Student: 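Sharing a structure here in structure tokens format.
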Protein chains: 2
Amino acid sequence: MTNIDKQVQKIIRNTVDTIETAELHNRLKQKKQLVVKFGADPTAADLHFGHAVVLRKLREFQDFGHKVVFVIGDFTARIGDPSGRSELRPQLSENEINKNAETYQQQAFKILDAEKTEIVFNSSWLGCLTTEELMKLASHYTVARMLERDDFQLRLHKGDAISMQEFIYPLLQAYDSIYLKADVEVGGADQKFNLLVGRDIQHSYGQPGQIVITVPLLEGTDGIKKMSKSYGNYIGLTEPPDKMFGKIMSISDELMYRYYELLTGHDIETIKSISPMEAKLRLASELTNTYNGDEQGNVARQKFEEVFSQHKFPDDAPVIELTPAYFTIIELLTQNGIIDSKSEAKRLVKSGAVSIDGNKIASATEKVKLQKGVYFLRSGRRGFYRLVVKSGVSIK
Amino acid sequence: MTNIDKQVQKIIRNTVDTIETAELHNRLKQKKQLVVKFGADPTAADLHFGHAVVLRKLREFQDFGHKVVFVIGDFTARIGDPSGRSELRPQLSENEINKNAETYQQQAFKILDAEKTEIVFNSSWLGCLTTEELMKLASHYTVARMLERDDFQLRLHKGDAISMQEFIYPLLQAYDSIYLKADVEVGGADQKFNLLVGRDIQHSYGQPGQIVITVPLLEGTDGIKKMSKSYGNYIGLTEPPDKMFGKIMSISDELMYRYYELLTGHDIETIKSISPMEAKLRLASELTNTYNGDEQGNVARQKFEEVFSQHKFPDDAPVIELTPAYFTIIELLTQNGIIDSKSEAKRLVKSGAVSIDGNKIASATEKVKLQKGVYFLRSGRRGFYRLVVKSGVSIK
């Protein structure tokens with residue numbers, strides 16, 4: 001197996017389509033640095049794990065020495081790109097787009113190698129494209145072929161409107177590839193059609209058609225729909241550690257293995273040999289480390305496990321209602337029939353066996369302020385109580 | 001019946017569609033000069049009687065005081081406009097287009113009032129149209145509605161290619177109407193769809209939609225297909241008198257009445273009261289006068305009738321072979337057994353009853369040179385002879 005064979009094998013791993021693998025092999029064999037195009041839509045500022053799948057594929061090309069051209073679709077965003085969706089996305093102002101694009105880049109560099117990435121804005125060439133040039137571009141594609149796009153077919157069939165604008169849009173995306181002389185374009189599986197339009201029209205412009213690589217659309221935390229901000233099932237690359245960790249912990253075991261596959265380099269068989277709970281904790285911890293840095297995933301895991309253990313609190317734990325009064329932790333334990341004697345209470349506190357909401361009470365004189373709410377009190381191995389606070393309480 | 005009612009009645013006469021007549025009435029009632037748009041395709045230089053139908057309708061508006069804006073579609077011609085046809089028209093160079101447009105205008109002024117005509121080239125605004133503006137334009141129309149155009153439906157159904165370019169083209173035509181703030185657009189019946197796109201999108205741009213008026217497509221001389229240079233069934237507005245006259249004489253009686261209706265102001269019932277032959281001669285004469293001027297139609301009619309009468313020559317007329325020799329017309333008549341006596345021959349010539357190929361022999365001493373060929377000799381009411389000349393003959 002040659003080095004190029006290995007590269008091809010790595011690149012086609014976890015892809016939906018590679019059109020065509022033989023061409024990919026030939027193109028990789030050339031000594032030159034390939035132009036690997038990725039079109040990013042700056043109508044949303046936040047990247048999420050769904051984007052990470054494609055960014056990781058781009059990173060693989062960079063690791064083999066190639067250049068990623070990250071096309072910020074500011075021109076198309078200004079127009080409103082509804083591709084693959086039944087409703088038009090809102091048209092954004094130039095300001096909003098630029099702000100989004102800035103945020104977008106910063107997030108992408110959590111995965112991409114900045115040294116091997118060129119950021120370009122498609123307004124810089126589409127903004128100068130005349131109607132005459134667009135019409136010439138349009139002469140290279142037929143209506144029948146454009147109608148073959150799955151969502152166009154479906155919407156036309158259902159009687160849902162497709163604007164002429166949307167119908168022309170794939171031609172503009174194709175022009176991006178022509179302008180950039182893209183060797184490869186990587187995108188989500190829902191972009192396959194558009195990517196192929198680019199490949200086809202490149203041929204009409206005398207260019208070797210780009211190799212089209214599509215990656216799976218990652219399911220969102222619900223495990224059903226594709227991850228998308230608008231479905232509320234996404235995990236953003238910039239989510240704070242606890243939130244990111246918690247969201248990952250909330251996914252199903254089945255989805256966890258999918259995330260392992262598409263978001264990490266781990267061998268799935270090895271992962272399946274450990275318990276699903278432990279596997280999930282490790283996944284959450286690893287991804288939180290990756291996207292938040294500073295071992296934030298490890299910290300989040302520890303916290304999560306503490307909170308999690310409190311949630312194992314028995315449902316029938318006695319309820320203790322705390323009135324607004326000053327008292328010590330020892331008084332709290334002895335006056336509510338939790339512990340019989342003050343000395344036993346002191347001993348338990350000292351041994352670290354008393355905690356409120358997972359926070360150990362360090363000493364008998366620790367001051368604790370409890371706002372209105374319900375708290376979990378643990379006292380020794382078997383003492384589980386619910387503290388109900390109706391208005392603020394201070395324990396001195 | 002008000003004056004406006006009469007104007008409406010005249011305008012809707014001989015139209016296929018007026019959308020909407022009530023709006024036309026209101027618009028005509030406004031005191032202002034209306035903008036009546038007509039889009040001309042300069043891919044062909046020659047105007048023919050088919051164009052005359054729409055130009056005459058435009059002239060009616062001018063006669064009511066309105067302005068015709070004659071849009072030379074040089075931009076769309078440069079791109080190639082295939083509307084209503086299954087094959088792409090050739091893309092023309094700017095030079096060819098300008099030359100065609102020049103010729104086109106000159107011909108149009110045979111019908112239009114130059115004082116009330118503004119000639120514009122759509123490249124002057126479409127040439128500056130950015131892709132962004134085009135995309136915004138495209139957002140106001142759906143694919144489903146565009147597919148409703150008859151020829152698109154048919155071609156899609158038959159599996160014939162429709163290029164994306166053609167599919168976008170009606171939007172550009174609509175933009176012409178928006179740019180010109182057209183009140184009315186007049187076109188052939190095959191343009192109805194495109195004209196309505198203009199009307200619809202004008203609404204989206206906050207303009208009152210143009211009133212759409214379509215006129216019938218004149219059948220060509222074959223009486224079957226619409227008149228078109230490419231079908232070879234056309235009568236050009238600049239054809240020389242004899243040719244124009246002859247082509248009109250060649251049409252069927254049925255088609256003649258249609259031409260009367262669409263190309264003249266005559267009352268059809270009156271025309272039907274005269275013989276079809278005479279009616280056709282009058283039509284040919286009138287149209288040739290109109291488009292060639294200088295009573296050229298009358299001259300052509302006279303010539304035509306002479307040639308026509310020669311074609312009524314009996315098939316069994318005796319053949320006289322003339323050898324190359326000098327002789328007089330009287331000798332020709334008497335030495336070939338046509339006339340018995342010289343005096344009778346002289347009398348006939350003098351009375352104008354002797355002719356060769358419809359050219360009367362003015363005197364007994366007239367000199368006639370006959371090249372190699374066959375000639376029709378008439379002598380009196382019943383004398384029909386074919387003169388066969390194998391090498392030149394001079395009659396002195």
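None of the values given here were measured: they were computed from a predicted structure. By convention in this document, chain letters (A, B, ...) are assigned in the order of the sequence lines, proteins followed by strands, and residues within each chain are numbered from 1.
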Student: What part of B:M135 gets closer than 4.5 Å to chain A, counting heavy atoms only: side chain, backbone, both or neither?
Tutor: both
Student: B:F167 pairs by side chain to side chain contact (heavy atoms under 4.5 Å, CB included) with which of A:V143, A:I168, A:T142?
Tutor: A:V143
Student: CZ/A:R145 to CD1/B:I162 distance, rounded to the nearest 0.5 angstrom?
Tutor: 14.0 Å
Student: Applying side-chain hydrogen bond (donor to acceptor under 3.5 Å, both in side chains), name anything that partners B:K99, two or more places apart in sequence or on another chain.
Tutor: none
Student: For B:E20, give me all partners under side-chain hydrogen bond (donor to acceptor under 3.5 Å, both in side chains), at least two apart in sequence or on another chain.
Tutor: none
Student: Under the criterion side chain to side chain contact (heavy atoms under 4.5 Å, CB included), which of B:L172, B:L171, B:L126 is the partner of A:T131?
Tutor: B:L172
Student: State, to 0.1 Å, how close B:M164 and A:A138 come at their nearest heavy-atom pair, and which atoms those are.
Tutor: CB-O, 3.2 Å
Student: What part of A:L147 is in contact with chain B, defined as an atom under 4.5 angstrom from a non-hydrogen atom: side chain, backbone, both or neither?
Tutor: side chain
Student: Should we count NZ of B:K192 as having more than 12 external heavy atoms under 6.0 Å?
Tutor: no
Student: Against chain A, label B:L156 side chain, backbone, both or neither, depending on which of its atoms sit under 4.5 Å from a heavy atom there.
Tutor: side chain
Student: With a cut-off of 6.0 Å (strictly less than), are more than 12 heavy atoms of other residues, nucleotides or ligands near CG of B:N26?
Tutor: yes
